[in-house]
Amino acid sequence: MKINFHTFEKSNDIPADLVIEKITNFQKSKRYDFVETLNNKDYITQCTDVFANFSNINTFVQIGIGGSSLGPEMLITSLKKSDVKFYFFNNVDTDKTVKDLEEIDVKNALFYVVSKSGGTAETLAQFAIITNKLFELGYTEKDLKNHFIFATDPSKNELRKLANEFEITCLDVPPNVGGRFSVLTPVGLLPAIFAGINIKTLCSHAYSYAHDLLASDEFIQTVSKVIALYKEGVNETVLMPYSSLLRDFSFWFVQLWAESLGKKRKGERVGLTPIPGYGATDQHSQMQLFMEGPLNKLMFLVHVDKVNNQLKLSNKFTHPKLKALNKYTLKNLMDAEFFGTLKALNEQGVSHIHLELDKLDENSLSELIIFFELLTAITGHMLEIDPFDQPGVEAGKVYSFEWLDSVKGI
Ligand code: PA5
């Protein structure tokens, strides 16, 4: 992946030594495990074993929320090659759940329940619904192990207890790897293998790239620029890949950036607001704001050089605008919109960083994932906050249960 900078910070007084010190300290901490575990073959074996036992299923249903769903959704949208159908039960929306269950061939589906904590209400609720559906179809508790796989922290928790009780295979979410950093653990690797994605390449390439990236000037520069711009009021971060296949990547990034960097620091509120986008579609939507609105945004624009297919725009129409397209391909038009936008952003003084991928595959996607995971972690350390916790969402959970206790229920 090539990283090209076009940023307009007034001064960049962030010493490279400070960024390097944060990187070195981070590499020594247990939180660096989201990189170290990429080298742990046990996680790959856990997934390949499950795949061997369930290779005849036609539908894979992931049940999880937040980091237990967004990463897997992004992997599947970007790289899916197999014919297996995928569903993500990532909300407690009644009508959507009913609609999905009507479509799913339950008997030939594998239900993958993922919760790092093992106690997330939304996820356990969906587990209850699926078991009811199976019981309606005549299955019993003894059959659950043939329809479910779980993944959770190795410590004792509700999900692991259920797995033990019903002899359901339970994969490990590595202890020091939090939800939003867990896409390249069994959380995302199991659905990936069913999608025909090469998970060995994904992990081994991500591991070697992480080491190269952390030692590179480009990465140190990226961190310095993000922080220097933030100090000058650039507190919104746009991610805009020019590829429909990377649209879910933007939503994965939103959680990573928002939940990691939006924190209270000694009473002061800090954070960079992520804005998801995708080109060229968003040129007819958010781009006007990015071009002429407040200069408080840093944009990451992702361009993919090669696509798998070519579609010619050749046509026999004499209408001038159609005729003008005649000698080009659809990809030429996408490229024109991308590079035209870069030029216009430069003219407007909008800071942006262009990430260039040769093509979308296991190697490039793993680079993109590692780039944003490491950028999030080091930016958090530069801002002197903990990028790995999420205390701000606890109160809402407590009050939700308080509310449930106050109503009658069924
Ligand atoms: O990043 C995180 O830690 C969170 O967004 C979690 O992924 C989310 O809350 C789901 O938690 P769990 O996997 O424990 O069910």
Side-chain angles (χ1 to χ4, degrees), residues 29-35 37 43 46 61-76 88-93 97 111-130 148-163 168 170-191 248-263 271-274 276 369-370 372-377 379-380 385-401:
S29 78
K30 65 180 186 336
R31 290 305 195 173
Y32 190 62
D33 274 9
F34 74 81
V35 174
T37 52
Y43 298 118
Q46 289 187 13
V61 184
Q62 180 121 1
I63 300 164
I65 198 163
S68 294
S69 187
L70 286 157
E73 287 177 56
M74 166 271 277
L75 281 183
I76 304 311
F88 293 91
F89 282 36
N90 55 13
N91 199 357
V92 283
D93 183 298
T97 305
F111 295 93
Y112 186 37
V113 182
V114 183
S115 173
K116 162 87 178 166
S117 62
T120 300
E122 291 92 333
T123 304
L124 293 175
Q126 294 288 14
F127 169 70
I129 286 169
I130 309 291
F148 283 104
I149 300 289
F150 291 173
T152 190
D153 193 87
S155 62
K156 271 193 197 144
N157 64 42
E158 215 154 317
L159 202 57
R160 212 160 264 281
K161 281 186 201 148
L162 277 167
I168 294 168
C170 191
L171 311 188
D172 293 329
V173 184
N176 296 324
V177 181
R180 55 193 176 272
F181 291 85
S182 69
V183 56
L184 298 180
T185 72
V187 171
L189 297 178
L190 188 68
D248 285 345
F249 192 94
S250 291
F251 293 114
W252 170 80
F253 162 77
V254 164
Q255 186 215 5
L256 183 70
W257 203 242
E259 215 170 18
S260 303
L261 302 180
K263 299 281 158 71
L272 291 99
T273 304
I369 291 170
I370 286 294
F372 281 108
E373 286 186 342
L374 290 173
L375 184 60
T376 303
T379 300
I385 51 158
D386 181 354
F388 299 100
D389 65 1
Q390 55 278 337
V393 297
E394 288 312 314
K397 281 188 203 167
V398 173
Y399 296 149
S400 300
F401 279 100

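Order of listing sets the numbers, starting from 1, for every ligand and every atom in it.
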Identity and separation of the nearest protein heavy atom to atom 15 (O) of ligand 1: T120 OG1, 2.5 Å

Distance, nearest 0.5 Å, that separates CG of N157 from SG of C170: 7.5 Å

Nearest-neighbour protein heavy atom for atom 8 (C) of ligand 1, which is reported as residue plus atom name and distance: I65 O, 3.7 Å

Protein heavy atom at shortest distance from atom 5 (O) of ligand 1: Q255 NE2, 2.6 Å

Min N/O separation G67 to ligand 1 under 3.5 Å: yes

K397 N/O under 3.5 Å from ligand 1 N/O: no

Distance in Å, I63 CD1 paired with F127 CZ, rounded so as to fall on 0.5 Å steps: 8.5 Å

Check: F181 ring centre within less than 6.0 Å of F388 ring centre: yes

Protein residue, atom and distance nearest to atom 2 (C) of ligand 1, heavy-atom basis: R180 NH1, 3.5 Å

Polar atom proximity, S117 to ligand 1 (N or O, under 3.5 Å): yes

Enumerated ligand 1 atoms positioned under 4.0 Å from heavy atoms of Q390: 3 (O)

Nearest-0.5 Å distance, CG of residue L70 to OG of residue S250: 11.5 Å

Nearest non-hydrogen protein atom, atom 3 (O) of ligand 1: G179 N, 3.5 Å

Between CD on residue Q255 and CD1 on residue I65, distance to nearest 0.5 Å: 10.0 Å

Verify atom 11 (O) of ligand 1: protein non-hydrogen atom under 4.0 angstrom away: yes

Between CG on residue L159 and CZ on residue F148, distance to nearest 0.5 Å: 10.0 Å

Test log, rule side chain to side chain contact (heavy atoms under 4.5 Å, CB included), inputs F249 and I369: CA-CA 9 Å; F249 192 94; I369 291 170; 3.9 Å; yes

